[in-house]
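One structure is given here, and the rest of the page talks about it.
Residue numbers start from 1 in every chain, and the chains themselves are labelled A, B, ... in the order their sequence lines are given, proteins ahead of strands.
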Amino acid sequence: MTTRCRIAPSPTGPLHIGNARTALFNYLFARRTGGTFVLRIEDTDVARSTLEYERDILDNLHWLGITWDEGPEVAGLPARGPYGPYRQMERLPRYAEAAERLLSQGRAYPCYCTPEELAADRAAQEAAHRPPHYVGRCAALSAEQRRAREAEGRRPAIRFRVGQGSVVFDDIVRGRVEIETSALGGDLVIVRSDGLPLYHFTVVVDDAAMAITHVIRGEDHLSNTPKHILLFRALDADVPAFAHLPLLLNPDRTKVSKRKTQTAVADYRAQGFIAEAMVNYLALLGWSSGTEEEIFSLEQLAERFDLARVQSAGAIFDRERLEWLNGQWIRRLSDADLLGRLAPFLQAELEARRAEGRTVRQPSEEDLAALLPLVRERLPRLEAIGELAGFIFVEEIDLERDLLVPKRWDAATTREALLAVRRIVADVGAVSYEADELEPALRALAEERGWKAGDLFMAIRVAVTGRTAAPPLFDTLVALGYERTLVRLDAAVDLLAGAGASA
RNA sequence: GCCGCAUUCGUCUAGAGGCCUAGGACACCGCCCUCUCAAGGCGGAGAUCACCGGUUCGAAUCCGGUAUGCGGUACCA
């Protein structure tokens, strides 16, 4: 039997890390088992669903490399797969047909209860410390009673008879789960009075129609699974296997939420997390290989993934660990690849500086190639490129006089040193402006004047970059260029003007 | 309230009765490397395996109970 699994996002918000993780596990399961991965859009919550969210979800899944074998038409590309349509709002007749079938078999019935009646029931149950439970007011209405209510203009919802007994299933992650139907809250509404079908119903109708064999989803659906199983049976469909994944958690161990954790995949992407790291990290939330390796590409994950090795306890989303993995993956990227991914971030930084009224130089191919080795080990996120290397392309840097003077030095010494450095750079640069030439010359200067090389280099670093933390100095000077280095040294000396006389 | 699930270093996890005086990774601390920052190397600290009882020659691992946490309990998904 070939396996079929699916991800069924609701376009009521941007792609969420929790959904991304569920999508990933489904994708990996399908790849690993040689099965089919289906994407279905669950857009029956018309009040909250939007096309922009749908686009965000699809676009970011694509960015992560999570592709689907069957799904709706997107961006002008046709729908794929024999079980379409793959958007629930386009499948309304199927739900209506299924509901009709249950109705005609007496497994479902029209319910005319008003919201007020239901609220009153609930309030009474709560007051009596009873669990909320549909009282069954409409469960045994005669045809005549129904007509009377219709005559009043009441539009019925449709309720599914939950019946008695218990439902047992073997969850792939959690093992045997048994729940009494009496704990299900009574007969459940499957179609609202406005005619729109509800989630618990559509999910089952579609999983059955799309021949889904494995339902892999978040643990928050575990308690609802008996309802689904009852519906599968009532519809005379095969009940799929279930695997309930542990929840992603906020640091306080509640279900991950955007109030407490950054949840939109797009936001991580915008901050310069790369897809490889995101996928790797998400896979490790709830799954482990059983070995001590933990750096895995999507392809490697697809070779190793196994639902049997999925954890059953929830996992806190730890951004620090994600950043570490991100750095690992950035270091593994080829030059051309890294450059391509860095470009938009550098560009954004330069635009921002330009907007501040600064003079910005457009980096050439050579500039960028020279930059790469300097930054590659130093990027926790692509976005950090602006801070790390912006000074090379923005002519006006912010120089702080206090920062310019090394801890053990005074302003006069610093000024004198920078003046000397300026002469050496000018001399060396006139012949050959290379790191290999600059370093010995400047070390000799420090030696000759009895300065610690580190102090001298720090003064130069700040003069030229405006920062105390930067890529290696001599490579930085070369990347900056001969003229620009001299201009910045002059500017630093000017800033220190007056210090010479007093010292 | 009721039902369900879970519980190993701060965090992610390894662990399927003896290999566990519990392993790895992130974060943290120290040392090395070093022109700063990173990266890397080495080392350290950090878990009475939630608790209680049982089964067993032997339990982090099996069973029961308790506690705590989380999830579900909608004409949301």
Contact class for Gly286(A) vs. all strands (heavy atom < 4.0 Å): base, sugar-phosphate, or nothing?
sugar-phosphate
Residue closer to the 5' end of RNA chain B, Phe317(A) versus Arg48(A) (nearest nucleotide):
Phe317(A)
Considering every strand and a 4.0 Å limit on heavy-atom distances, what is the contact class for Ser10(A): base, sugar-phosphate, or nothing?
sugar-phosphate
Strand partner of U34(B), provided both Watson-Crick or wobble distances fall under 3.5 Å:
none
What does Gln311(A) touch in the nucleic acid at a heavy-atom separation under 4.0 angstrom: a base, only the sugar-phosphate, or nothing?
sugar-phosphate
What is the base-pairing partner of A39(B), counting Watson-Crick and G-U wobble geometry with both distances under 3.5 Å?
none
His221(A) ring center near Tyr199(A) ring center (under 6.0 Å)
yes
Do the charged groups of Arg332(A) and Glu276(A) touch, with an N to O distance under 4.0 Å?
no
Work out how far the P atom of C49(B) is from that of C33(B), and round it to whole angstrom.
41 Å
Using both distances under 3.5 Å as the test, list the Watson-Crick or G-U wobble partner of C26(B), or none.
G10(B)
Which one is paired to G46(B), where only Watson-Crick or G-U wobble pairs with both distances under 3.5 angstrom count?
none
Determine the contact category for Asn224(A): base if any of its heavy atoms lies under 4.0 Å from a base atom, sugar-phosphate if only primed atoms, P, OP1 or OP2 are that close, otherwise nothing.
base
Using atom P in both nucleotides, what's the gap between U13(B) and A6(B) to the nearest angstrom?
14 Å
So which of residues 383-391 of chain A are in contact with RNA chain B, with a heavy-atom cut-off of under 4.0 Å?
none
Between A59(B) and C52(B), how many Å separate the two C1' atoms, rounded to a whole number?
15 Å
Give me the distance, rounded to whole Å, that separates A25(B) from G15(B) when you measure between the C1' atoms they each carry.
16 Å
Quick test of your reading: applying salt bridge (Lys or Arg N to Asp or Glu O under 4.0 Å), list the pairs with at least one residue in residues 170-182 of chain A, sequence neighbours left out, ordered by first then second residue.
Arg174(A)-Glu219(A)
Less than 3.5 Å apart, which donor and acceptor atoms pair up between the side chains of residues 12-19 of chain A and the rest of the protein, not counting sequence neighbours?
residue	atom	partner	partner atom	Å
His16(A)	ND1	Gly18(A)	N	2.8

Would you measure the distance from the C1' atom in G72(B) across to the matching atom in A27(B) and give it in whole Å?
34 Å
G58(B) pairs with, by Watson-Crick or G-U criteria that keep both distances under 3.5 Å:
none
Between U8(B) and A14(B), how far apart are the two C1' atoms, rounded to whole Å?
10 Å
Using a strict cut-off of less than 4.0 Å between a Lys/Arg side-chain nitrogen and an Asp/Glu carboxylate oxygen, indicate whether Asp306(A) and Arg309(A) qualify as a salt bridge.
no
Scan Ala157(A) against the nucleic acid and name what it touches under 4.0 Å (heavy atoms): base, sugar-phosphate only, or nothing.
base
Take atom C1' in G46(B) and the same atom in A67(B), then report the distance between them in whole Å.
25 Å
Could you list where the contact with chain A starts and ends along RNA chain B, reading 5' to 3', using a 4.0 Å heavy-atom cut-off?
G1(B) to A77(B)
Give Pro471(A) one of three labels, base, sugar-phosphate or nothing, depending on what nucleic acid heavy atoms sit under 4.0 Å from its own.
base
Is the Phe242(A) ring parallel, tilted or perpendicular to the Phe169(A) ring (thresholds 30°, 60°)?
perpendicular
I would like to know whether Gln271(A) and Gln262(A) meet side chain to side chain donor-acceptor pair (under 3.5 Å); could you show each step before the answer?
CA-CA 11 Å; Gln271(A) 290 164 355; Gln262(A) 178 175 302; 3.0 Å; yes
Describe the nucleic acid contact of Glu293(A) in one word from base, sugar-phosphate, nothing, applying a heavy-atom distance below 4.0 Å.
nothing
Selection residues 118-133 of chain A - residue pairs positive for salt bridge (Lys or Arg N to Asp or Glu O under 4.0 Å), sequence neighbours left out
Asp121(A)-Arg137(A)
Need one value for His244(A): base, sugar-phosphate or nothing, where a base atom within 4.0 Å counts as base even if backbone is also close, heavy atoms only.
nothing
For a quick check of understanding: with a heavy-atom distance under 4.0 Å over all strands, which category does Thr468(A) fall into, base, sugar-phosphate or nothing?
base
Cationic N near anionic O, under 4.0 Å, Glu117(A) to Arg154(A):
yes
So, applying ring pair (Phe, Tyr, Trp, His ring centres under 6.0 Å) with Tyr281(A), which one of Trp329(A), Trp287(A), Phe317(A) is it?
Phe317(A)
Using a cut-off of 4.0 Å on non-hydrogen atoms, how would the nucleic acid contact of Arg309(A) be classed: base, sugar-phosphate, or nothing?
sugar-phosphate
Partner lookup for C2(B), please. Criteria are Watson-Crick or G-U wobble with both distances under 3.5 angstrom; report none if nothing qualifies.
G72(B)
Under 4.0 angstrom, heavy atoms only, what part of the nucleic acid is His200(A) near: base, sugar-phosphate, or nothing?
base
Base, sugar-phosphate, or nothing for Glu178(A), non-hydrogen atoms under 4.0 angstrom?
sugar-phosphate
Using atom P in both nucleotides, what's the gap between G54(B) and U61(B) to the nearest angstrom?
14 Å
From CG (Asp206(A)) to CZ (Arg91(A)), nearest 0.5 Å
4.0 Å
Give every residue pair that meets the salt bridge (Lys or Arg N to Asp or Glu O under 4.0 Å) criterion with at least one member in residues 454-465 of chain A, sequence neighbours excluded.
Arg408(A)-Asp455(A)
Which part of the nucleic acid, if any, lies within reach of Leu285(A) when heavy atoms closer than 4.0 Å are counted: base, sugar-phosphate only, or nothing?
sugar-phosphate
Taking the nucleotide of RNA chain B with the nearest heavy atom to each, does Ser288(A) or Glu439(A) sit closer to the 5' end?
Ser288(A)
